A.B. asks: 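The structure's right below; bear with me while I get my questions together.
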Amino acid sequence: MRRGAGLCAVALFMGLTGCGVPTSDVIEAGAPASGMPGPAPTADPTEPAAVPLFFLTDGELTAYPRPATDAADLASVVRLLLEGPNEKERATSATTDLPRLTGAPPVTVTDGVTTTVTLPDTPTPVSREALNQLTCTVHYAAPFPRPSGEDRTPRLHVTGTGWTMTSPTSACPAQPSAGGLFHGDEGG
């Protein structure tokens with residue numbers, strides 16, 4: 001222990017002597033450094049992220065922001081969509097063409113451009129509007145990768161009991177944002 005304390009004292013003395021660097025007077029060089037600006041203020045980390053859930057308003061595809069505790073989990077986001085519009089959304093005429101499910105459906109991403117949502121116990125194909133609701137909700141919850149090279153348009157497969165439907169993400173409107181595509185914003 002004494003030996004360790006002695007080594008620390010020698011190291012401290014060497015650090016304070018500057019290792020032979022001579023002292024100098026104050027050098028006037030203008031204004032003091034202001035440093036790098038700090039990061040921009042962010043949203044409260046305790047608040048869940050808002051994800052756009054696409055419902056129908058007067059038959060038109062419309063994005064409604066909804067808090068999601070796990071916005072990165074596509075199955076959770078799809079489960080929120082399949083629960084249908086909440087009371088506040090229904091008050092603004094939001095409806096859905098999607099079937100009600102009791103649990104979160106399986107969601108898988110394959111080949112980098114295809115996401116598959118399986119709707120168990122759904123014997124008939126969903127409507128085109130329902131397919132667009134799913135496609136756009138999944139697309140904006142976790143944007144599809146943009147593969148380089150060959151034309152591989154990101155797409156969504158929706159499967160049920162004995163059927164499969166496919167939709168390209170190009171069917172979705174521009175990115176919903178505070179710029180106006182969320183329902184209730186001035187532009188939407």
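None of the values given here were measured: they were computed from a predicted structure.
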A.B. asks: Test Phe55 against every option in Glu129, Glu89, Arg90, Glu60 by the side-chain contact (heavy atoms from CB on, under 4.5 Å) rule and name the one that passes.
C.D. replies: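 Running side-chain contact (heavy atoms from CB on, under 4.5 Å) over Glu129, Glu89, Arg90, Glu60 with Phe55 returns exactly one hit, Glu89.
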A.B. asks: When Pro105 is tested against each of Thr118, Val158, Leu74, Leu82 for side-chain contact (heavy atoms from CB on, under 4.5 Å), which residue passes?
C.D. replies: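 Only match with Pro105 under side-chain contact (heavy atoms from CB on, under 4.5 Å): Leu82.
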A.B. asks: Calculate, to the nearest 0.5 Å, the distance between atoms CG and OG1 belonging to Leu134 and Thr115 respectively.
C.D. replies: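 If we round to the nearest 0.5 Å, Leu134:CG and Thr115:OG1 are 11.0 Å apart.
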A.B. asks: Tell me the closest heavy-atom pair linking Pro85 and Ala94, and the distance in Å.
C.D. replies: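 So the minimum-distance heavy-atom pair works out to CG-O, 3.5 Å.
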A.B. asks: To the nearest 0.5 Å, what is the distance between CZ (Arg79) and CG (Leu101)?
C.D. replies: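 Arg79 atom CZ to Leu101 atom CG measures 11.5 Å (nearest 0.5 Å).
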A.B. asks: Quick one: CZ on Arg155 to NE2 on His139, what's the gap to the nearest 0.5 Å?
C.D. replies: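 If I round to the nearest 0.5 Å, the distance is 14.0 Å.
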A.B. asks: Closer than 3.5 angstrom, by distance alone: can the side chain of Thr137 be matched with the main-chain N or O of Phe54 as a donor-acceptor pair?
C.D. replies: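 At least one qualifying donor-acceptor pair exists.
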A.B. asks: So, taking the atom named CG in Asn132 and the one named CG in Asp97, what distance separates them when rounded to the nearest 0.5 Å?
C.D. replies: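 Answer for the CG-CG pair, Asn132 versus Asp97, is 10.0 Å.
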A.B. asks: Indicate the atoms forming the closest heavy-atom contact of Leu80 with Pro67, along with that distance.
C.D. replies: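 Heavy atoms of Leu80 and Pro67 come nearest at CD1-O, 4.0 Å.
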A.B. asks: Just verifying a value: how many Å separate Leu56 CG and Leu61 CG, rounded to the nearest 0.5 Å?
C.D. replies: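 It comes to 6.5 Å.
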A.B. asks: Does CD belonging to Glu83 count more than 12 external heavy atoms closer than 6.0 Å?
C.D. replies: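 More than 12 within 6.0 Å, yes.
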A.B. asks: Within the side chain of Thr166, is there an N or O that forms a donor-acceptor pair under 3.5 Å with the backbone of His157?
C.D. replies: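 Not a single qualifying donor-acceptor pair exists.
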A.B. asks: Test your reading of the model: is there a side-chain donor-acceptor pair from Trp163 to the backbone of Thr122, 3.5 Å cut-off?
C.D. replies: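 Looks like yes, one N/O pair under 3.5 Å.
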A.B. asks: Stepwise, does the side-chain contact (heavy atoms from CB on, under 4.5 Å) test hold for Leu156 with Val117?
C.D. replies: CA-CA 8 Å; Leu156 177 77; Val117 176; 3.8 Å; yes
A.B. asks: Once you round to the nearest 0.5 Å, how far does SG of Cys172 lie from CD of Gln133?
C.D. replies: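 These two atoms lie 11.5 Å from each other.
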